[in-house]
Amino acid sequence: MMKKIAFTAFVLASFLTFGKSMQVKALTIPELPTTETSKQWAVEVNNPDNDYPNLAQARRGVYHTYSLNVKNVGKDVHDVKVQLFRNESNSNTKYGLLPTMESPELSQKDGHPLHVSNFGLSEEATDLNIVITWKEKGEEREYQETFTFHQK
């Protein structure tokens with residue numbers, strides 16, 4: 001009986017001692033959906049679209065999946081491009097997640113939003129940057145806005 005109590009105490013003490021140094025990190029964007037807006041754009045990161053089994057699915061320990069909605073809430077514009085980037089630990093370089101998306105439907109205020117289903121974001125990344133470039137009507141100057149979402 002005494003050996004059982006001693007063994008249980010040892011296991012419990014080991015767990016408490018070593019359990020403190022083990023941390024499980026769930027690198028996910030908190031409180032989905034999360035939206036950032038400006039005078040020109042509304043950008044929403046949301047849960048992945050799970051209705052379609054052919055879409056990318058999260059891989060535990062590798063990456064999470066999210067969906068994205070971008071809507072024009074400002075002036076009518078043209079030549080709209082949307083890019084997604086993630087950071088990499090110990091590097092100043094940002095990595096592109098998808099090819100540049102040219103989106104004519106984003107040109108009109110309150111037009112159809114751009115919807116991206118199930119893009120992957122590495123569990124090692126701490127930031128998701130959505131970069132939108134466009135031109136205003138009658139101008140050739142490009143404008144750019146970057147929306148940054150932080151993982152916890």
Side-chain angles (χ1 to χ4, degrees), residues 12 14-152:
L12 182 59
S14 297
F15 177 74
L16 291 174
T17 301
F18 296 113
K20 289 180 183 177
S21 65
M22 292 187 296
Q23 293 181 352
V24 177
K25 293 184 179 178
L27 295 178
T28 58
I29 295 175
E31 301 174 22
L32 292 176
T34 183
T35 304
E36 287 192 19
T37 58
S38 69
K39 290 181 180 179
Q40 188 64 47
W41 306 105
V43 178
E44 177 187 59
V45 177
N46 207 340
N47 293 309
D49 297 332
N50 291 321
D51 297 340
Y52 306 101
N54 294 339
L55 296 174
Q57 302 299 316
R59 294 187 67 194
R60 188 179 179 125
V62 181
Y63 62 87
H64 299 285
T65 53
Y66 301 98
S67 66
L68 173 72
N69 292 306
V70 178
K71 185 171 178 116
N72 181 349
V73 295
K75 300 177 182 177
D76 288 348
V77 296
H78 63 97
D79 294 340
V80 179
K81 296 177 187 124
V82 179
Q83 296 175 287
L84 280 67
F85 294 93
R86 69 166 173 84
N87 67 334
E88 183 74 23
S89 60
N90 302 320
S91 176
N92 292 328
T93 303
K94 303 265 184 189
Y95 295 88
L97 298 177
L98 300 169
T100 300
M101 295 168 279
E102 294 189 25
S103 186
E105 63 270 9
L106 287 177
S107 297
Q108 301 300 312
K109 179 181 178 179
D110 296 325
H112 295 291
L114 170 69
H115 179 73
V116 178
S117 296
N118 298 28
F119 65 91
L121 181 61
S122 169
E123 287 189 4
E124 299 297 318
T126 57
D127 293 336
L128 167 64
N129 299 109
I130 294 129
V131 179
I132 305 172
T133 58
W134 72 95
K135 295 178 183 173
E136 290 188 356
K137 295 286 184 187
E139 291 189 31
E140 288 304 311
R141 171 182 284 176
E142 281 195 322
Y143 294 85
Q144 179 190 64
E145 266 191 86
T146 302
F147 298 85
T148 302
F149 295 88
H150 300 285
Q151 297 194 84
K152 55 178 175 172

message: Walk me through whether D76 and S107 qualify under side-chain hydrogen bond (donor to acceptor under 3.5 Å, both in side chains).
response: CA-CA 6 Å; D76 288 348; S107 297; over 6 Å; no

- prompt: Just checking, any donor-acceptor pair under 3.5 angstrom between side chains of Q144 and T133?
  reply: no

query: To the nearest 0.5 Å, how far apart are OG1 in T34 and OH in Y66?
result: 11.0 Å

message: Distance alone, cut at 3.5 Å: any donor-acceptor contact between the side chains of E145 and S38?
response: yes

Partner of V82 by side-chain contact (heavy atoms from CB on, under 4.5 Å), out of V43, V131, L106: L106

message: Looking at D79 and K135, is there a salt bridge between them, counting it only when a charged N and a carboxylate O are closer than 4.0 Å?
response: yes

pair E123-H64: side-chain heavy atoms closer than 4.5 Å: yes

- prompt: How long is the gap from CG on L121 to CZ on F149, to the nearest 0.5 Å?
  reply: 11.5 Å

message: Are the side chains of W41 and V80 in contact, using a 4.5 Å heavy-atom criterion?
response: yes

Short side-chain donor-acceptor distance under 3.5 Å, H150 and T148: no

message: Within the 3.5 Å criterion, strictly below it, is a donor on S67 or N118 matched to an acceptor on the partner's side chain?
response: no

- prompt: Got F85 and Y95 here, is their nearest side-chain heavy-atom distance under 4.5 Å?
  reply: no

task: Find out whether V116 and L98 are in side-chain contact, i.e. whether some heavy atom of one side chain is under 4.5 Å from a heavy atom of the other.
output: yes

task: Find the distance between CG (L128) and CG (L97) and round it off to the nearest 0.5 Å.
output: 6.5 Å

- request: Test N87 against every option in N92, N129, T93, T126 by the side chain to side chain donor-acceptor pair (under 3.5 Å) rule and name the one that passes.
  value: T126

message: Salt bridge or not between K137 and E139? Use side-chain N to carboxylate O under 4.0 Å.
response: no

field: From CA spacing to verdict: side chain to side chain contact (heavy atoms under 4.5 Å, CB included), L68, N46
entry: CA-CA 6 Å; L68 173 72; N46 207 340; over 6 Å; no

task: Decide yes or no for H115 and D49: does some side-chain heavy atom of the first lie under 4.5 Å from some side-chain heavy atom of the second?
output: yes

message: Below 30° counts as parallel, above 60° as perpendicular, anything between as tilted: where do the rings of W134 and Y143 land?
response: parallel

query: Which value, rounded to the nearest 0.5 Å, describes the distance between Q83 atom CD and I132 atom CD1?
result: 10.5 Å

field: Chi angles and distances behind the side chain to side chain contact (heavy atoms under 4.5 Å, CB included) call for Q108, H78
entry: CA-CA 8 Å; Q108 301 300 312; H78 63 97; over 6 Å; no

task: Return the minimal non-hydrogen interatomic distance between T65 and A56, and the atom names on each side.
output: CG2-O, 3.8 Å

V70 side chain near F147 side chain, heavy-atom distance below 4.5 Å: no

field: Test item: L114 and N69 side chains (from C-beta on) under 4.5 Å apart, heavy atoms
entry: no

- request: Tell me, with the steps shown, if L84 and M101 meet side chain to side chain contact (heavy atoms under 4.5 Å, CB included).
  value: CA-CA 9 Å; L84 280 67; M101 295 168 279; 3.6 Å; yes

Side-chain touch Q40/V77, heavy atoms, less than 4.5 angstrom: yes

statement: On a heavy-atom basis, the closest approach of P113 and K71 is CB-CB, 4.1 Å

- prompt: Can you tell me if E124 and S122 form a side-chain donor-acceptor pair at under 3.5 Å?
  reply: no

query: Roughly how far, to the nearest 0.5 Å, is NZ of K94 from CD of E88?
result: 11.0 Å

